[in-house]
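Structure first, commentary second.
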Amino acid sequence: MNTNFKMIKTEEELRKAVDSLNAQSAIGLDTETTELDPYTGRLRLIQLAAPDGVSIIDLDAFSNGGNGELANNQALLPLKRLLEAPRPIKIAHNAKFDAKFLKHNLGADLGGVFDSLLASQLISAGDIEERHGLETVATRYLNESVDKSERLSNWSFELSQAQLEYAARDAAILLPLREKLIDRLKAEALVKCALLEFECVMPVADIELAGFYMHKDRWLEQLAIVEKRRAELAEELQGILAEESLQGSLFGGTQRADINLDSHQQLTQALERLGIPVPDSTRNWKLQPLAAQYPVIATLLEYRTVQKALTSYGQNLIELINPATGRLHADFRQIGAPTGRFSCTNPNIQQVPHATEYRRCFSGYPTGRKLVIADYSQIELRILAEFSGDPGFMAAFNSGADLHRVTAAQVFNVPLDQVSKDQRDFAKRLNFGVVYGIGAQRFSMMTGLSAPEAENVLRKYFATYRGLDNYLREAANRAVHDRQARTASGRLVRFRYDENDRQQISMTQRNGKNTPIQGTSADILKRALRLLKDELSNTSARIVNIIHDEIVVEADGDQAKEISQKVERAMCAAGEEYLKTVPVKVETEIADEWIK
DNA sequence: AGGGCGAGCCAC
DNA sequence: AAACGTGGCTCGCCCT
């Protein structure tokens, strides 16, 4: 590894450096910034590593102060072209971070990405114990230690020699690291999946830069209503549940010792004092059956709903609105789950309650901007149909019939047009349940059927869909035997279990059924993001949220119709790359607010 | 004080 | 015979 570096501070130096870098097949890329947020922080250094040394570009030398000037500085054009080109490949650890700053500051869309973080995650194959910081990954694959002590130092002013050496080393190490990671990706047959992930980096950076507009005042109004209701419910509950203190007050009455309504311990004790038979847990679905008999339980359940709304989706979200943009810029983890699904934090805008009171706070902005809301119709069940080749499932999808209705007709042995709402509802739960490897016990609890009835329905279900039964059995067995599973893109998930532990074995069986389905759904979404990037370039559209099988795009009102067609086209095309025998269906809507 | 963990509940 | 998968967030509780 060559950590020799030269500082680039003039147009001439930059041109020469870029000329030389352009001759490389791959270069290490790292940036140093004054903050973690591109809207409030400044891009200070760009380090580009080649075998003959590291070029450190000091952007303060190319700017007269303001951020906006960088993007217009003609001297940076060769650099911008280098970054955007598919070659040389840019190797970065968590490339999304650098990509956001490069886009915001230079207007450059990072092209030809190799992300050592994502590669490392893929190789770990879903082992959530393994860490993937550059330090850890470099040690794991190169036996080199990287000192990150300068990372959080101040990059705003004159830089020390130690800072520059750190900066150079971080970029230089990426070259040998990539070699090792490529070997491992090839050995594990993960190259195709890696390309899928790498091509997704820039779309995800774009989503985070775009942010999702949340109507602050509307949100606060909603919170005020909920807070008032919470106070009423809490008072009512304390009146019933609080203990009368033994100590009388000064004026003779008794004092009320309120309980903590959010403490399961105290709650259980209080309910027992009232003679209510408390189940083994105070979970909502366990308490639900008691609500009719005991009004206090009904009140408690409403309190919980309201309390949850207030704590999880309350003031905190307002505080996450970016002062520079007025929008929520959530943090998406591209490989958030072992299956390849995204996860999302600060805030998690994948879990905003479905109720319109909340969803209506999310809209296009400014006025005139619309939301295009597009989601895959029953994508996981279509994947299951494709994998299993079950004729019944395939026929339902190919005919365009209502799958749940068809299932109900077959399982309950009634003509299609005589399926009751209850029967269709059962069938729906059944269809979704099998994707997770549901058992009779859980199904009976979910539906209220007796255990024998539930078993009977499941037996009938799998007798109807023999192909499904066979496929799922085999998937479960394979997972236990191979201790791994793969998705359609080849993504690998390893399972660890103790052969003597029945629970762990059945867990592995369920994972074996679910992982290929959930993971392939994630593959398809990621492919769609890549295709969408091309479709949406040179339009007013920006992706503002992704929720596993849904993409939310914001666009100018006069382009919304055209954009929605592009979104649908890209999503279908992505699905069809993986599903060859089952049709892919995408439902799109154009709306002012995030309401379908 | 602050971290870890489980319970509970939101999304898909 | 068969305990439905993946996350994040907040709380209480327990620990150091």
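Below, read A as the first sequence line, B as the second, and so on, with proteins coming before strands; counting in each chain starts at 1.
- Checking C/dA3, C/dT6, C/dG8 against every side-chain atom of A/R510, the shortest atom distance belongs to C/dA3.
- Annotation: proximity of residues 346-364 of chain A to DNA chain B (heavy atom, distance under 4.0 Å) is found for A/Q350, A/Q351, A/V352, A/P353, A/H354, A/R359, numbered in ascending order.
- In this structure, the nucleotide among C/dG7, C/dA3, C/dC4 sitting nearest to the side chain of A/R442 is C/dC4.
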Check: residues 342-355 of chain A side-chain donor-acceptor pairs under 3.5 Å, at least two apart:
from	atom 1	to	atom 2	distance (Å)
A/N348	OD1	A/Q350	N	2.8
A/Q350	NE2	A/I546	O	2.9

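- Taking 4.0 Å as the cut-off between side-chain N and carboxylate O, A/E208 and A/K100 count as a salt-bridged pair.
- Counting only heavy atoms from C-beta on, A/Q518 has its side chain closest to C/dT6 among C/dT6, C/dC4, B/dC12.
- Rounded to whole Å, the distance from NE2 on A/H548 to C1' on B/dC10 is 11 Å.
- Atom-to-atom, CD1 of A/I379 to P of C/dT6 comes out at 20 Å; the value is rounded to the nearest Å.
- The side chain of A/N514 approaches C/dG5 more closely than any other nucleotide in the set C/dT6, C/dG5, C/dG8.
- Distance from the side chain of A/Y436 is smallest to C/dG5 among C/dT6, C/dG5, C/dA2.
- A salt bridge (Lys or Arg N to Asp or Glu O under 4.0 Å) with A/D127 is found for exactly one of A/R494, A/R483, A/R496, namely A/R496.
- Under a 4.0 Å N-O distance rule, the pair A/E221/A/R218 does not qualify as a salt bridge.
- Formation of a donor-acceptor pair under 3.5 Å by the A/Q121 side chain with backbone atoms of A/I335 is found in this model.
- When heavy atoms are screened at a 4.0 angstrom cut-off, A/E455 is found touching no nucleic acid atom at all.
- Regarding A/L267, its CG atom lies at a distance of 11 Å from the P atom of B/dC9, rounded to whole Å.
- In this structure, A/L525 atom CG and C/dT6 atom P are separated by 19 Å, rounded to whole Å.
- Looking at A/R382, its side chain does come within 3.5 Å of a backbone N or O of A/S377 through a donor-acceptor pair.
- Atom-to-atom, CD1 of A/I383 to P of B/dC12 comes out at 17 Å; the value is rounded to the nearest Å.
- Minimum interatomic distance between A/V457 and A/F412 (heavy atoms only, all atoms of both residues): CG2-CE2, 4.5 Å.
- C/dA3 atom P lies 9 Å from atom CD of A/Q509, rounded to whole Å.
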